[in-house]
S.K.: 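Got a structure here, written out as structure tokens. Questions coming.
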Amino acid sequence: MLGQNDRPALKSRHFSSSYRFVETSGEQLYINVCRGCHMVDAMGASGAASYPSLVANRNLESSFYAIDVVLNGRRGMPSFGEMMSDYQVAAVVNYLRTHFGNSHPDAVTASDVQAARR
């Protein structure tokens, strides 16, 4: 049983019931949106399609690149710009840039995402 100040375990599922995602943290967004292709450990996968590893991924050094890929997609990755708010994009980009062997502490803001939208 959870106490008043306890956060629910992120293993619980938050499913979006509309075209827009409801998750708010970068971790929740990764778990419920990204890991289906990039896998639990972010190592990516190949088979019917190829999903790049996000582990120590040098492309994530550029915050603009990461923002652009989430907003507009790239190759086989769909665009999520219409499904995520500026805050959600910033949250998931910051999560990716600070986890899975990535250590880029210069945080992306919702204003950065707004400026990058086409």
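Small disclaimer: the values here were computed from a predicted structure and weren't measured.
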S.K.: Return the CD to CG distance between Glu82 and Leu71, rounded to the nearest 0.5 Å.
M.R.: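 Rounded to the nearest 0.5 Å, the CD-CG separation comes to 10.5 Å.
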
S.K.: Rounded to the nearest 0.5 Å, how far apart are CG of Asp68 and OG of Ser63?
M.R.: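 If I round to the nearest 0.5 Å, the distance is 11.0 Å.
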
S.K.: Can any side-chain N or O of Gln28 pair as donor or acceptor with the backbone N or O of Thr24 at less than 3.5 Å?
M.R.: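 Side chain of Gln28 to backbone of Thr24, a donor-acceptor pair under 3.5 Å: yes, one is there.
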
S.K.: Heavy atoms only: give me the nearest Met77-Val70 pair and the separation to one decimal.
M.R.: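 In terms of heavy atoms, the two residues are closest at CE-CA, 4.0 Å.
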
S.K.: Please find the pair of heavy atoms, one from Ala116 and one from Ile67, that lie closest to each other, and give the distance.
M.R.: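 Heavy atoms of Ala116 and Ile67 come nearest at CB-CG2, 3.6 Å.
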
S.K.: Looking at residues at least two apart in the chain, or sitting in another chain, which of them share a side-chain hydrogen bond (donor to acceptor under 3.5 Å, both in side chains) with Asp41?
M.R.: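 Scan of Asp41 (side-chain hydrogen bond (donor to acceptor under 3.5 Å, both in side chains), adjacent residues dropped) gives none.
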
S.K.: Can you name the nearest heavy-atom pair linking Arg20 to Gln88, along with the distance?
M.R.: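 Shortest heavy-atom separation between Arg20 and Gln88 comes out as NH2-OE1, 4.5 Å.
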
S.K.: When hydrophobic residues are tied together by side-chain contacts of less than 4.5 Å, even through go-betweens, does Val33 share a cluster with Tyr30?
M.R.: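 They do not share one cluster, since no chain of ILVMFWY contacts under 4.5 Å joins Val33 to Tyr30.
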
S.K.: Which residues pass the side chain to side chain contact (heavy atoms under 4.5 Å, CB included) test with Ser79, not counting sequence neighbours?
M.R.: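 Testing Ser79 for side chain to side chain contact (heavy atoms under 4.5 Å, CB included), a comparison that skips the adjacent residues, returns none.
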
S.K.: Roughly how far apart are Asp112 CG and Asp86 CG, rounded to 0.5 Å?
M.R.: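 Asp112 CG to Asp86 CG: 10.0 Å, rounded to 0.5 Å.
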
S.K.: Please list, chain by chain and in numerical order, all residues satisfying side-chain hydrogen bond (donor to acceptor under 3.5 Å, both in side chains) with Tyr65, sequence neighbours excluded.
M.R.: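 Applying side-chain hydrogen bond (donor to acceptor under 3.5 Å, both in side chains) to Tyr65 gives Arg74.
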
S.K.: What is the distance from atom CD of Glu23 to atom SG of Cys34, rounded to the nearest 0.5 Å?
M.R.: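 Glu23 atom CD to Cys34 atom SG measures 9.5 Å (nearest 0.5 Å).
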
S.K.: Show which side-chain atoms of residues 93-100 pair as donor or acceptor with protein atoms under 3.5 Å away, not counting sequence neighbours.
M.R.:
from, atom 1, to, atom 2, distance (Å)
Asn94, OD1, Val108, N, 2.7
Asn94, ND2, Ala90, O, 3.1
Asn94, ND2, Val108, O, 2.9
Arg97, NE, Leu60, O, 2.7
Arg97, NH1, Asp106, O, 2.8
Arg97, NH1, Asp106, OD1, 3.4
Arg97, NH2, Glu61, O, 3.1
Arg97, NH2, Asp106, OD1, 3.1
Thr98, OG1, Asn94, O, 2.8
Thr98, OG1, Tyr95, O, 3.4
His99, ND1, Tyr95, O, 2.8

S.K.: Mind listing the side-chain donor-acceptor pairs of residues 49-57 below 3.5 Å, one per line with the distance, residues two or more places apart or on another chain?
M.R.:
from, atom 1, to, atom 2, distance (Å)
Ser53, OG, Ala42, O, 3.4
Ser53, OG, Val55, N, 3.1
Asn57, OD1, Asn59, N, 2.8
Asn57, ND2, Ser53, O, 2.8

S.K.: Which other residues end up in the same hydrophobic cluster as Tyr87, if Ile, Leu, Val, Met, Phe, Trp and Tyr are linked when side-chain heavy atoms come under 4.5 Å apart?
M.R.: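 Besides Tyr87, the cluster holds no residue at all.
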
